[in-house]
Amino acid sequence: MSDSAISKFFEKTREERLSIVRDFANLSSEELEILQSNNGGISFEKANNMIENAIGTFSLPLGVATSFKINGKDYLVPMVIEEPSVIAAASKGAKIARIRGGFKATADESYSIGQIQILDTDIDLAIKKIQQSSKEIITLANSKSNTLSKMNKGAKEVSCKKIDTPLGKMLIAELLIDVGDAMGANVTNTMCEAVSPLIEKITEGRTLLRILSNYSTRRIVKATAVFDKNEIGGDDVVDDIILAYQFADNDVYRAVTHNKGIMNGIIAVSNATGQDSRAIEAAANAYAARSGQYRSLSTWTKDSDGNLIGTLELPLSVGIVGGIANVHPLAKVCMKILGISSAQELACVITSTGLAQNYSAIRALSTEGIQKGHMRLHARNLAAAAGAKPEQIDKIVQKMIENKKISLDQAKEILLNFDL
Ligand code: NAD
């Protein structure tokens with residue numbers, strides 16, 4: 001099995017990095033070419049087929065985080081992100097976690113929830129009738145996906161709930177659908193629309209909305225890791241990290257920023273693999289508030305030896321088929337780099353990356369602060385924005401750090417006044 005703990009990956013040239021990734025993931029020369037192309041992976045024609053009113057494409061940096069071991073398997077994790085430090089932080093977190101075996105992660109089967117809003121009906125009677133006809137409803141729903149039916153997946157249950165609104169009580173029927181290795185939005189919507197005439201007939205009511213819920217609470221994924229106390233700075237650092245976590249768990253202003261750090265990892269991998277990041281964020285934020293107060297998505301404790309234990313749990317609706325995962329050439333190559341074979345495995349990788357990210361952020365915040373590491377990387381962006389050539393960037397960054405002034409004006413001044 002390939003080893004993802006690659007020493008000093010960040011110091012290597014692009015060619016060296018690409019050749020490591022190629023060997024790790026057994027990429028073909030065509031796949032390597034896709035990674036090397038500078039058009040961001042899709043042609044205008046493809047973009048024009050994806051959205052309306054297209055006028056171009058928009059590229060972001062793609063990198064890989066190293067050192068990930070998840071459920072005993074090594075991964076190089078592709079991440080698409082514009083923010084400096086994120087990939088370095090994920091790799092650092094993974095490096096520390098792997099000392100004690102890496103991440104352990106589990107993911108539920110891919111159950112999607114479809115909702116049908118039913119109005120103008122006798123709610124209690126309608127619930128009874130829907131329950132009596134549940135088999136018929138499920139059969140009709142499953143007639144809409146041969147693929148899922150053949151895999152013994154598809155719609156499995158119908159349930160009902162009443163909700164109170166200022167405009168009166170409403171009945172909501174929910175279809176629970178095993179969507180296999182897809183995110184499943186389209187098949188869920190299709191099934192909801194398909195069964196609604198039957199539901200109207202059964203309930204003698206009127207259906208209004210027929211749509212999946214992005215609050216995918218039947219697709220929960222959980223990752224955990226032990227971070228060796230000596231590697232992270234000893235008992236005091238562990239205790240401070242736990243105190244920092246308590247701050248996040250009990251103060252919404254801190255919790256939002258804490259969870260944003262987790263999302264740095266989750267969304268970067270989601271973008272690289274062509275996931276619907278809006279769905280992921282919306283579900284994660286709702287889950288963070290499930291107790292009635294918005295809290296930390298992760299928990300930080302210590303074991304009896306004083307080692308730090310991190311756990312991250314959230315609903316995660318991701319797919320390895322469907323959406324743009326099979327359309328965007330770079331997303332396809334990123335999937336190949338990950339070497340994953342199921343939606344659950346992808347969910348485990350994404351969640352472990354979020355946890356690694358959270359570890360690095362909370363450790364930095366509890367010790368030297370994040371600006372030291374962050375600003376060096378930020379300084380590189382500023383130097384580039386000031387117009388520095390690639391070979392000038394390191395010197396300008398060094399000078400800004402020496403001068404203890406990291407700003408665009410400073411980068412421009414150094415560029416103008418120094419012989420580089
Ligand atoms: P999709 O519409 O491409 O459907 C997946 C396809 O893969 C299906 O045709 C299915 O039959 C097939 N398939 C093949 N092998 C499979 C397997 N092993 N498991 C499951 N399916 C298999 O993709 P989708 O996942 O239904 O929809 C995702 C897209 O829908 C995303 O782009 C998302 O942005 C978009 N979307 C989202 C929302 C929302 O989140 N509210 C609403 C509408 C659309």
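Excluded from the calculations below are hydrogen atoms, water molecules and symmetry mates; all remaining heavy atoms, backbone and side chain alike, are included. Counting convention: from 1, in listed order, for ligands and their atoms alike. Treat the numbers as computed from the prediction; the structure is a model and nothing was measured.
Evaluated by nearest non-hydrogen atom to atom 19 (N) of ligand 1, the leading choice among L148, D181, N326, N146 is D181. Among G323, S149, G274, the residue whose heavy atom lies nearest to atom 32 (O) of ligand 1 is G323.
Residue contacts with ligand 1: M151 is included, with a non-hydrogen atom under 4.0 Å away.
Of the heavy atoms in I211, none comes closer than 4.0 Å to ligand 1.
Annotation: side chain of L18 is in contact with side chain of L35 (closest heavy-atom distance under 4.5 Å).
Between the side chains of D240 and S366, not a single donor N or O lies within less than 3.5 Å of an accepting N or O.
Distance check on atom 6 (C) of ligand 1: every protein heavy atom falls at or beyond the 4.0 Å cut-off.
Look at K161 and E174 and you find a salt bridge, because one of the NZ, NE, NH1 or NH2 atoms lies within 4.0 Å of a carboxylate O, short of that distance.
At the shortest separation from atom 37 (C) of ligand 1 among protein heavy atoms lies A185 CB, 3.4 Å. Nearest non-hydrogen protein atom to atom 2 (O) of ligand 1 is N186 ND2, 2.7 Å. Of the protein's non-hydrogen atoms, the one nearest atom 28 (C) of ligand 1 is M183 SD, 3.7 Å. Here the heavy atom of the protein found nearest to atom 12 (C) of ligand 1 is T147 CG2, 4.3 Å.
Of the N or O atoms in N214, one or more lie within a sub-3.5 Å distance of an N or O in ligand 1. For a threshold of 3.5 Å applied to N or O pairs, the pair formed by G184 and ligand 1 contains at least one separation below that value. For ligand 1, none of its N or O atoms has an N or O atom of V321 under 3.5 Å away.
Under a 4.0 Å criterion applied to the non-hydrogen atoms of G322, ligand 1 contributes the atoms 1 (P), 3 (O), 5 (C), 23 (O). Proximity to V187 (heavy-atom distance under 4.0 Å) selects the following atoms of ligand 1: 26 (O). Short contacts between ligand 1 and N189, defined as distances under 4.0 Å to a heavy atom of the residue, involve ligand atoms 42 (C), 43 (C). The contact set between ligand 1 and D276, taken as ligand atoms under 4.0 Å from a residue heavy atom, comprises 33 (C), 34 (O), 37 (C), 40 (O).
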